[in-house]
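Notes follow the structure.
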Amino acid sequence: MSLSARQIGPARLQVIVADITTLRVDAIVNAANSSLLGGGGVDGAIHRAAGPQLLAECRILHGCETGGAKITSGYRLPARHVIHAVGPVWHGGSRGEDEALASCYRRATELCQTHNLASVAFPAVSTGIYRFPAERAARIAVATTVDTLAVAPSLGLVIFCCFSEASARLHAQSLAEFGDPCAE
Ligand code: AR6
């Protein structure tokens with residue numbers, strides 16, 4: 001169920017509470033680490049659901065820098081692709097964490113355009129094991145994605161797929177600052 005939705009130009013932006021591995025979209029975004037070789041949290045869930053071929057493809061990518069993103073196939077997932085984005089570990093905010101988090105969302109959105117994808121779902125990157133403060137992360141996630149939509153006209157649907165009601169509320173609050181409310 002969509003808790004909040006806005007229309008920004010051709011793109012509909014939604015906030016939902018769901019397990020991202022269940023979504024049938026062109027791409028789901030993974031909150032990966034720089035090895036791209038799997039881990040816990042949403043990364044573990046995505047690799048479990050996609051199956052071993054995902055790890056095999058990740059191995060040939062040779063990692064990814066913090067703030068970057070790389071795309072693979074989705075294998076057994078309902079999603080066609082996985083965009084592996086590497087968020088920053090939170091160290092208090094003075095080590096470029098905001099910029100690195102924004103860069104993840106920007107790079108992931110740009111990859112959607114490069115691959116002509118029409119729908120994408122983001123988890124709340126860095127807000128779990130990497131301890132980025134949730135409210136600050138939600139503002140950066142929404143603001144950066146809205147900004148980057150201008151260079152990603154292929155995208156008709158952007159989903160902020162939250163894992164808790166609290167996280168969804170934060171994303172909905174940020175989204176309320178942009179665009180026109182949609183009919184639910
Ligand atoms: N669907 C949607 N969101 C989820 C799911 C799911 N199935 N599972 C967790 N979340 P985290 P990080 C939420 O810890 O902070 C891994 O080991 C979760 O509640 O997955 O970026 C990687 O390999 C939180 O809101 O990622 C890295 O080493 C959000 O996803 C490291 O963790 C992100 O939490 C990355 O840490």
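Whatever order the structure lists ligands and atoms in, that order sets their numbers, starting from 1. Because the structure is predicted, anything quoted here is derived from the model rather than measured. For the numbers below, each heavy atom of this structure counts, side chains included, while hydrogens, waters and symmetry mates do not. The residues of the chain are indexed from 1 along the displayed sequence.
Below 3.5 Å of separation, one finds no N or O of Arg131 facing any N or O of ligand 1. Considering backbone and side-chain atoms together, Thr21 places no N or O closer than 3.5 Å to any N or O of ligand 1. Inclusion of Ala45 in the set of residues having an N or O under 3.5 Å from an N or O of ligand 1 is not warranted.
At the top of the distance list for atom 36 (O) of ligand 1, counting protein heavy atoms only, stands Tyr130 CG, 3.4 Å. Annotation: atom 19 (O) of ligand 1 to nearest protein heavy atom, Phe163 CB, 3.6 Å. Nearest protein heavy-atom contact of atom 20 (O) of ligand 1 is Val42 N, 2.8 Å.
Looking only at atom types and distance, the side chain of Thr72 has a donor-acceptor partner in the side chain of His84 under 3.5 Å away.
Shown in contact with Thr127 at under 4.0 Å from a heavy atom are these atoms of ligand 1, numbered in order with element: 15 (O), 24 (C), 25 (O), 29 (C). Near Asp43, meaning under 4.0 Å from any of its heavy atoms, are these atoms of ligand 1: 22 (C), 23 (O). In summary, the atoms of ligand 1 found under 4.0 Å from a heavy atom of Ala31, numbered by their order in the structure, are 21 (O), 22 (C), 26 (O), 35 (C). Less than 4.0 angstrom separates some heavy atom of Asp19 from each of these atoms of ligand 1: 1 (N), 6 (C), 7 (N). Here is the list of ligand 1 atoms found below 4.0 Å of a heavy atom in Gly41: 20 (O).
The line from OG of Ser103 to CD of Glu110 is 8.0 Å long, rounded to the nearest 0.5 Å.
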Where do Phe160 and Thr145 land on the side chain to side chain contact (heavy atoms under 4.5 Å, CB included) test, with the steps shown first?
-> CA-CA 10 Å; Phe160 295 99; Thr145 306; 3.9 Å; yes

List the steps, then state whether side chain to side chain contact (heavy atoms under 4.5 Å, CB included) holds for Tyr130 with Leu101.
-> CA-CA 11 Å; Tyr130 281 178; Leu101 187 64; over 6 Å; no

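Scanning Ala18, Ser126, Gly39, Pro123 for the heavy atom closest to atom 21 (O) of ligand 1 points to Ser126. The heavy atom nearest to atom 29 (C) of ligand 1, out of those in Gly128, Gly40, Ala124, Pro88, is found in Ala124.
Heavy-atom minimum distance, Thr144 versus Thr148: O-OG1, 2.6 Å.
The backbone N or O of Ser164 lies less than 3.5 Å from no partner atom in the side chain of Ser167, so there is not a single donor-acceptor pair.
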